[in-house]
There are 2 protein chains.
Amino acid sequence: MNTPALTTLTAVPEGKVISFESIRVACRNCTLMTLCLPLGLAPEDVERLDSIVRRNRPLHRGDFLFQSGDRFRSLFVVKTGSVKTFAQSPEGGEQVLGFHLPGEIIGLDAIDKDAHVCSAKVLETSAVCELPFGRLEELSVTIPSLQHQMYRLLSKEIAHETEMLLLLGKKSAEDRLATFLLSLSQRFRKRGLSPTDFYLSMSRHEIGNYLGLAVETVSRLFTRFHEEGLLKVDRKHIQLTNLDAIEAMVIRAPVEEFRRRIS
Amino acid sequence: MNTPALTTLTAVPEGKVISFESIRVACRNCTLMTLCLPLGLAPEDVERLDSIVRRNRPLHRGDFLFQSGDRFRSLFVVKTGSVKTFAQSPEGGEQVLGFHLPGEIIGLDAIDKDAHVCSAKVLETSAVCELPFGRLEELSVTIPSLQHQMYRLLSKEIAHETEMLLLLGKKSAEDRLATFLLSLSQRFRKRGLSPTDFYLSMSRHEIGNYLGLAVETVSRLFTRFHEEGLLKVDRKHIQLTNLDAIEAMVIRAPVEEFRRRIS
DNA sequence: CGCATAGTTGAGGCTCCTCAATAGCCGTGG
DNA sequence: CCACGGCTATTGAGGAGCCTCAACTATGCG
């Protein structure tokens, strides 16, 4: 079941000899990074949690983690790369629900019905950990702090969705794209990656779908942001040259909204 | 702490003599209805859960269950009446996050930060149960099935928010109001109330705020739905005279959307 | 009865979508 | 090597939907 942990070693020079122990440690550390940051457990419990994690081999663009309707077995944690989740209609169209970056957990919405209610597709070559949920539940019975962290994790997801709800319900196209870029920036920063210089693994089409905007609108906004000096954009490569201004847009937006809606 | 359970007896004729036992049982049953439906526990565990529930005296329009920033202590379950949750800006404006009907739980988004991230205000005279979360967590350590139900509850909330996300991101004003009305209808039905004949406890302003629409748009839509024979509306009193047509609108909407967004 | 608030209705404008055409990128194959 | 088709992204013109502003009506409360 547990595939050996080569998934974390893409940066290792070819031909270099590596001990089995060093692989195990590297993988452990990677798992620690991605799981324990959100879960915040004590070291000895991390050990026990680690023992139930499955490390699958790397996935490639277009691979599915799961599809809507699949029986729910595991949560997934992105280690490297990115994954999109989406709901799909019988006709083959889709609605993007989220983009998931390293350290983020996928599948929390499937616990209730014991079946996945959306699909998860890999956007670029990615490493993903699998957490069998049954095992996780068993473990959380014996580790109260794990249980507490699970509650927090689920609660955080709810609070996050609430923010998205505000975004889509109230904000202009401009604010939506700014919020999206700022969110990416902050999530990259949290993972030690550059918050101002990154590649978008998703298409303009997917961004528009996610934000409730037409592709053309997204494209025009990128152009306008570029002209206004907020960022440099070359196809999928983004450089945020004026992060403050983008933050200001996002912060300011709700204030204006609220001013109009005084009851 | 535990206020006597007169909250559930509003229908009892004045002057009628009631034994203490009958009050206790009535209240227990009410709690059972509201809590165990979503939680789905075994009877003996329900007993234990019931023992930690606080039954507060009835609340009135404008009362707060909690305000944004308050320390998180308890979840709340609406027994009768209705409650709205909203985020507010320093300027005093607000953004409605949800309307909560009998049987529904409030406060799940506060677990993560151990503080409330939104405020909850009572819309009409309401009875609300309080579940001290610390006690609930302790209990869920000793009752694995309660833990499982808690996970399900939180997961269900995430899935629900996801649906709202689709609603606000993609649907027309017409579809939003139809979805809103259908949601109310289904939730009333689930609680044994009429799914086609009910009073709105919230203002047009609050509905518009919730759905991301201007008050005027909401008003115009009610008029149009009335003209089209979908419903009868007299101020806050709503009668859905063609529930099928409303369902058809909601179902059909995503299909058209998806057709346009084929990748 | 008068004021404040909630709700309705109309006119006009802005934002964003739709449709359509063009330009860039990439793999395939001549 | 370039040609070609397919796909993604960009840009422009026009239009639909919803918001804004404003006036008016209805309701409730002192």
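Order of the sequence lines fixes the chain letters, A, B, ..., with proteins taken first and strands second; residue numbering starts at 1 for each chain.
When distances are taken from the side chain of A:A173 to each of D:dC18, C:dC16, D:dA9, the shortest belongs to C:dC16. Side-chain proximity of B:T223 to the nucleotides C:dT8, D:dC19, D:dA9 is greatest for C:dT8. The listed nucleotides are D:dA9, C:dT8, C:dG10; the one nearest the side chain of B:V215 is C:dT8. Looking at the side chain of B:E216, the nearest of the listed nucleotides D:dC21, D:dA9, D:dG12 is D:dC21.
Residue A:R61 contributes atom CZ, which lies 13 Å from atom C1' of C:dC26 at whole-angstrom precision. Going from atom CG of B:L168 over to atom P of D:dC18 covers 13 Å, rounded to whole Å. In this structure, B:L211 atom CG and D:dC19 atom P are separated by 10 Å, rounded to whole Å. At whole-Å resolution of the value, CZ in A:R204 and P in D:dC7 are 19 Å apart. We find that CG of B:L177 is positioned 16 Å from C1' of D:dG17, with the value rounded to whole Å. Here C:dC17 presents its C1' atom at 19 Å from NZ of B:K171, a figure rounded to the nearest Å. Protein atom CG of B:D234 is 15 Å distant from nucleotide atom C1' of D:dT25, rounded to whole Å. Here the C1' atom of nucleotide C:dC16 and the CG atom of A:D175 are 14 Å apart, to the nearest Å.
Salt-bridge check for A:R204 with A:E216: failed, with every basic side-chain N at 4.0 Å or more from each acidic carboxylate O. Comment: B:E124 does not engage B:K84 in a salt bridge, judged by the lack of any side-chain N to carboxylate O separation of less than 4.0 angstrom.
Within the 4.0 angstrom heavy-atom criterion, base atoms lie near A:S219. Among the heavy atoms of the strands lying under 4.0 Å from B:R235 are primed sugar atoms or P, OP1, OP2 only; no base atom is included.
Counting only distance, with no hydrogens or angles, the side chain of A:D109 and the backbone of B:K156 share no donor-acceptor pair below 3.5 Å. Although no hydrogens or angles enter the test, the distance criterion places a donor-acceptor pair under 3.5 Å between the side chain of B:T179 and the main chain of B:D175.
Judged by distance alone, with hydrogens and angles left aside, B:R220 brings a side-chain donor or acceptor within reach of the base of C:dG10, the pair sitting under 3.5 Å.
Inspection of the A:S183 and A:R187 side chains reveals an N or O donor paired with an N or O acceptor under 3.5 Å.
Look at B:K236 and you won't find any side-chain N or O under 4.0 angstrom from OP1 or OP2 of D:dT27.
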